[in-house]
Protein chains: 2
Amino acid sequence: MSFSRKTKTVKLILDLFENTSNALSVVELTDTFSKKMNKTTVYRILDRLEEAGELHSFTDKDGLKRYAKNFSKLKGLNEQANHPHFMCQDCGISSCLPIEVSAPSIPNYTINNSEHLYIGHCNECNN
Amino acid sequence: MSFSRKTKTVKLILDLFENTSNALSVVELTDTFSKKMNKTTVYRILDRLEEAGELHSFTDKDGLKRYAKNFSKLKGLNEQANHPHFMCQDCGISSCLPIEVSAPSIPNYTINNSEHLYIGHCNECNN
DNA sequence: ATTTTATTGCAACTGATTTGCATTAAGAAA
DNA sequence: TTTCTTAATGCAAATCAGTTGCAATAAAAT
C-alpha cells in the first residue's frame, strides 16, 4: 500500500475530509493546518491518500490541484465512473457533482480519462 | 480593440497559429521563440490575442494554460458553444474537438461556463 | 520627419509545487 | 516494553509557470 502509517498528521487530514465533501486545494489545506504541519507534509500526505484510493484529485480552472474524498465513498456510485466538478464563482467552493458523464467516441482516438469542470453559482449563493 | 499594432512578434505568433490547430502551452511558445522574443512578450501577446478573439485558452490537466486558434475560425461552429479539448498521453499533443457539449442542469445551480478535457491516445499514436 | 504611446526586454518577484537531507516517530520484531 | 527499521516529517532551498515595474524601442498617426 502507498501509505502504511497512521500518523497524527494523516489522521488530521483524513478527519477533515470525513467532514466535508468539498474539493479542497492544497493551499486551503496548508492554510488550515499551518500550525499543525508543514506544507511539504500536506503535499505528501495528499499524494499518498490519492494513491491509496482515499481521495481523488483534479486541476481546477486556476490550475490549482484540488482533492476530494473518493466519490464512491461519497455517493455509492461506480468508482471508475467519471464525474464532473463544480466551482462557484461567488464563494469559491468546489465540489463533486453526483452525475455520470460519458466520453464521446472519436474515430481513431482512444479516450482513457476525462475531466469536466462547471463554473457558476451554487445553491447557497443563488440566494 | 485590445491589440492595435501588428508588430513582428505578433505576426510570428499569429503565423504559428495559422499553421496549427493544436492547443499550445505558453511554455512551448516561449521555447519555440526563445531566440525571437522574450517570454514576457509571449505571455502578453497571447493575452491580447485572446482578448481580441483570435485565440481561446483553457487550463490543461497539468495546470498549464494552453491557447488555440478560435474555434469558430477552425470549424465554423458557434463561437459561443463550448467544445472539449483532447490531450494525447503519448505525444503530448493537445487539440480542440469539433463537438458541442451541453451542460447538465442541476437544481438550484446556475452553470455559466464549463471545461472538458479528454485524455487518451490520438490517431497518430494509435498507429 | 516628428511625435505619441503601444509594445517590448529585462530583471526581479510571486505563488504553487518539488527535492534533498537530516531528524523523528510509527509499528514490527525481539 | 524496549529495540530496531524505515516510513514520515520538517526545513531550507530549488524549480517552474506566470506577473510586474520600468526604461528603451518601434508602430503608426500627425
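The figures that follow rest on heavy atoms only: side chains count, while hydrogens, waters and symmetry mates do not. We name chains A, B, ... by the order of the sequence lines, and we start the count at 1 in each one.
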Give A:T40 one of three labels, base, sugar-phosphate or nothing, depending on what nucleic acid heavy atoms sit under 4.0 Å from its own.
base

Quick one, B:H85 and B:L117 - any side-chain contact, counting heavy atoms below 4.5 Å?
yes

Which of parallel (below 30°), tilted (30 to 60°) and perpendicular (above 60°) describes B:H83 and B:H56?
perpendicular

C:dG9, D:dA17, C:dT19: which one has an atom nearest the side-chain heavy atoms of B:N38?
C:dG9

For atom CG of A:L49 and atom C1' of D:dA8, their distance in whole Å
13 Å

Are A:Y43 and A:L14 grouped together when hydrophobic residues (ILVMFWY) are joined by side-chain heavy atoms under 4.5 angstrom apart?
yes

The side chain of A:R44 is closest to which nucleotide in this list: D:dC11, C:dT18, D:dA8?
D:dC11

Donor-acceptor pair under 3.5 Å: do we get one between A:R5's side chain and the base of D:dA8?
no

Between B:L64 and B:K8, the residue closer to the 5' end of DNA chain D by nearest nucleotide is B:L64

When you get a sec, tell me which of D:dT9, C:dT8, D:dG18 is the closest nucleotide to the side chain of A:T41?
D:dT9

Would you mind reading off the distance between B:I45 atom CD1 and C:dT7 atom P, rounded to a whole angstrom?
9 Å

From B:C122 atom SG to A:Y109 atom OH, the distance as rounded to the nearest 0.5 Å
5.5 Å

With a 3.5 Å cut-off and just heavy-atom distances, do the side chain of A:K39 and the base of C:dT17 make a donor-acceptor pair?
yes

If you check every side-chain atom of A:T9, which of D:dA8, C:dG9, C:dT8 has the closest atom?
D:dA8

